[in-house]
Amino acid sequence: MLLLAKMQRSTDDVDILWLDEDDAFQRAIDALREGVQAVAEKQRLEPDWFNYMTHLLMYDVVTIPKGTLWKRFGPLHIYVPSKTYILALKILAGRQKDIEDSRVLLPYVRVKTRQHARRLLDRYVSPAALASNAEDIEHALEELFPE
């Protein structure tokens, strides 16, 4: 959200989705966990400041687009997803802070109706995840597109 919409609010964590093969993520998880812990200790951050659990929770329920290359640090390439993808994930989450983030994103995307938002969800979210999160999704859509 900081990169996409220049949000002014702070965040408690950084969410990641690993684009490489899943087995590469599994091979890297221990080193990643150790690095995250070291940074948390050095910078006095909460242990969950770097949220790689998003990957584990979302990998099978969303289509992950590659996004736009933002930075390279040696072999690490950081991609920023599209605003429409972030909007779909925020609607899927349905928490109040995600609904507020969605309101901020709406002027940056050309999503003006509930139907268009549903098409985004259909594009990025599996049917099973849509069904299991139907109540949260409906709540978010009602907040964003009151009729």
Side-chain angles (χ1 to χ4, degrees), residues 1-111 116-144:
M1 288 297 298
L2 291 171
L3 296 172
L4 294 174
K6 298 181 178 47
M7 293 264 317
Q8 296 301 313
R9 78 165 171 83
S10 64
T11 185
D12 296 327
D13 64 357
V14 174
D15 296 315
I16 70 158
L17 291 171
W18 190 276
L19 293 179
D20 211 346
E21 301 85 32
D22 200 38
D23 61 324
F25 179 74
Q26 293 304 320
R27 289 191 312 271
I29 191 81
D30 290 333
L32 180 62
R33 188 178 295 124
E34 289 173 19
V36 167
Q37 183 178 355
V39 170
E41 290 170 5
K42 183 176 182 179
Q43 300 298 323
R44 297 182 181 175
L45 299 171
E46 293 296 321
D48 60 350
W49 73 271
F50 192 81
N51 186 6
Y52 53 88
M53 293 303 291
T54 302
H55 174 83
L56 299 173
L57 296 171
M58 302 293 284
Y59 188 77
D60 292 331
V61 300
V62 296
T63 300
I64 304 170
K66 189 171 183 179
T68 304
L69 181 63
W70 177 62
K71 296 274 185 180
R72 290 181 197 212
F73 300 97
L76 175 63
H77 296 183
I78 301 173
Y79 291 86
V80 177
S82 70
K83 293 175 183 86
T84 54
Y85 180 70
I86 295 297
L87 178 62
L89 294 185
K90 295 286 185 182
I91 293 170
L92 175 65
R95 300 171 300 185
Q96 195 57 45
K97 71 178 188 174
D98 294 305
I99 293 170
E100 294 306 318
D101 288 349
S102 296
R103 282 193 178 101
V104 171
L105 281 173
L106 284 174
Y108 291 91
V109 297
R110 294 188 172 121
V111 177
H116 191 173
R118 284 201 181 278
R119 286 194 303 272
L120 275 183
L121 289 163
D122 290 341
R123 178 177 174 190
Y124 294 119
V125 182
S126 73
L130 289 173
S132 65
N133 293 286
E135 190 174 310
D136 290 333
I137 291 169
E138 190 56 34
H139 171 72
L141 292 174
E142 285 174 9
E143 290 272 330
L144 295 169

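Contact check for Tyr124 versus Thr84: side-chain heavy atoms found under the 4.5 Å cut-off. Residues Arg103 and Glu100 have side chains in contact (heavy-atom distance under 4.5 Å, counting atoms from C-beta outward). Under the 4.5 Å side-chain criterion, counting only non-hydrogen atoms from C-beta, Gln96 is in contact with Ile99. Looking only at side-chain heavy atoms (C-beta outward), Tyr85 and Thr63 stay at 4.5 Å or farther from each other. Within the 4.5 Å cutoff, side-chain heavy atoms of Leu92 are placed close to those of Ile137.
Arg95 contributes atom CZ, which lies 6.5 Å from atom NZ of Lys90 (distance to the nearest 0.5 angstrom). The CD1 atom of Ile91 sits 9.5 Å away from the CZ atom of Arg118 when rounded to the nearest 0.5 Å. Here the straight-line distance linking atom NE2 of His139 with atom CG of Leu144 works out to 9.0 Å at 0.5 Å rounding.
With Trp49 contributing its side chain and Val36 its backbone, the two residues share a donor-acceptor pair below 3.5 Å. Using modelled atom types, one side-chain atom of His116 and one backbone atom of Arg110 make a donor-acceptor pair closer than 3.5 Å.
Considering all non-hydrogen atoms of both residues, Ala129 and Val61 come closest at CB-CB, 3.6 Å. Among all heavy-atom pairs drawn from Asp98 and Ala93, the shortest one is OD2-CB, 3.3 Å.
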Can you check salt bridge (Lys or Arg N to Asp or Glu O under 4.0 Å) on Asp30 and Arg33, steps first, answer last? CA-CA 5 Å; Asp30 290 333; Arg33 188 178 295 124; 3.1 Å; yes
